[in-house]
Amino acid sequence: MATVLLVGCGKIGTGLGLQLSRAGHQCIGLKRHLNQLPEAIQGIAADVTEPDSLEGLPEHDYLVFSLVPAAYSAEGYQQAYVEGLRNLLQALREQQLCPKRIFFVSSAAVYHQRDGGWVDESSPTEPTGFNGQAMLDAEQLLADSGFTGTSVRFSGIYGAGRERILNWVRQGITALPEPCQYGNRIHQDDCIGVLHFLIEQDLAGQPLAPVYLASDPNPAPYHEVLAWLRERLQVEVEPQPEDFSVKLRSGSKRCRSDRLQALGYRFRYPDYRAGFEAVIAAAG
């Protein structure tokens, strides 16, 4: 059994902590405010953007860095992911703590490709957005830190409380078949599942790669996804075709998660139909 330090306890961090606790692991959650933290997760109040608050970190076997930035801005991402991770790594060094592995929750926004082609862990990464650049800088910071680390690049996360696409459909927003614009997604339950799986694999002695791209294995064109949701939700609002590319923060590409699947991970929601059915059912 392992002790896992969860740096950031949003939906993914908290969900992972609960799942790991049920499996018998000890989980410690580091967050700015300890309100609403489940009893199964031992809480410590700290802020990675304030180095002095990181004194006295507990001993742990694994560290999972999964923050939500204070603001969706260049400054917000720089502070949370780059400066925050730098402060945390420095605190680990000063306190002579050496987790077996650090997992950094990154994003498919590190990819710049917009031609609808496939990308994987070996694809070039030249992000044009501030979010992708901050994530890539943080990945490199971890890689150069001297600690053993793995960055997990999640594609578009959806699930309970993450209903941006459903809201587009309800508003009548749709996408045209041409030019075809692909979307990549991963249900937040699979985000939790992937991180839990990687920790268990490492515990079992399975060698892990420094980077994994985590996205369901069936990317689909947005016009197909929106049309299916429109029919499934029985939306009667007249659809309003528009230049859908303005809504895409990371461009049209298709994410390949073969490396993760080759390791043995099986997606709970392998395509948008399975995932959105679960979201709709949960919403009642």
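Residue numbers count from 1 along this sequence. Computation of the quantities below employed the complete heavy-atom set of this structure, encompassing side-chain atoms and omitting hydrogens, waters and symmetry-equivalent molecules.
Using a distance-only test at 3.5 Å, with no hydrogens or angles considered, no donor-acceptor pair links the side chain of H223 to the main chain of P221. Side-chain atoms of T3 never come within 3.5 Å of backbone atoms of D61 as a donor-acceptor pair (strictly under, hydrogens ignored). Although no hydrogens or angles enter the test, the distance criterion places a donor-acceptor pair under 3.5 Å between the side chain of N87 and the main chain of E83. Of the possible donor and acceptor atoms, none in the side chain of E224 sits under 3.5 Å from a partner among the backbone N and O of Y182. Counting only distance, with no hydrogens or angles, the side chain of S215 and the backbone of I186 share no donor-acceptor pair below 3.5 Å. Put simply, the side chain of D190 gets close to the backbone of R268: a donor and an acceptor are under 3.5 Å apart. Side chain of D271 to backbone of A274: a donor-acceptor contact under 3.5 angstrom is found.
The ring-ring contact (aromatic ring centres under 6.0 Å, His included) check on F154 picks up nothing, with sequence neighbours excluded. F276 pairs by the ring-ring contact (aromatic ring centres under 6.0 Å, His included) definition with Y158, not counting sequence neighbours.
No more than 12 heavy-atom neighbours from other residues, nucleotides or ligands sit within 6.0 angstrom of CZ on R32. Residue E75 places its CD atom among 12 or fewer non-hydrogen atoms of other residues, nucleotides or ligands, all under 6.0 Å distant.
When only modelled atom types and interatomic distance are considered, N167 and R164 share no side-chain donor-acceptor pair under 3.5 Å. Residues E200 and H25 bring a donor and an acceptor atom of their side chains to less than 3.5 Å of each other. A side-chain donor from one of Q140 and D144 sits under 3.5 Å from a side-chain acceptor of the other.
By the 4.5 Å heavy-atom criterion applied to side chains, Y212 and L263 are counted as neighbours. Using a 4.5 Å heavy-atom cutoff, the side chains of E55 and E94 are not in contact. Side-chain contact between C27 and Q42: absent, with no pair of heavy atoms (C-beta onward) separated by less than 4.5 Å. L5 is not listed as a side-chain neighbour of Y62, based on a closest heavy-atom distance of 4.5 Å or more.
A distance of 9.0 Å separates CG in L20 from CG in L195, rounded to the nearest 0.5 Å. Summarising the geometry, atom CG belonging to L142 is positioned 8.0 Å from atom CZ belonging to F104; distances are rounded to the nearest 0.5 Å. From L30, atom CG reaches atom CD1 of I41 across 12.0 Å, with rounding to the nearest 0.5 Å. Rounded to the nearest 0.5 Å, atoms CZ (R259) and CG (L213) are 9.5 Å apart. Taken from CG in L6 to NZ in K31, the straight-line distance is 11.0 Å, to the nearest 0.5 Å. Between the CD atom in E139 and the OH atom in Y81 there is a gap of 12.0 Å [rounded to 0.5 Å].
I199 and V152 fall within the same hydrophobic cluster, where Ile, Leu, Val, Met, Phe, Trp and Tyr residues are linked whenever their side-chain heavy atoms come under 4.5 Å apart, directly or through other members. V68 and V194 sit in two unconnected hydrophobic clusters of ILVMFWY residues. Membership requires side-chain heavy atoms under 4.5 Å apart, directly or through other members. Hydrophobic clustering, with ILVMFWY side chains joined whenever heavy atoms are under 4.5 angstrom apart, keeps V48 apart from V82. V211 and M135 fall into different hydrophobic clusters, where Ile, Leu, Val, Met, Phe, Trp and Tyr are joined by side-chain heavy atoms under 4.5 Å apart, directly or via other members.
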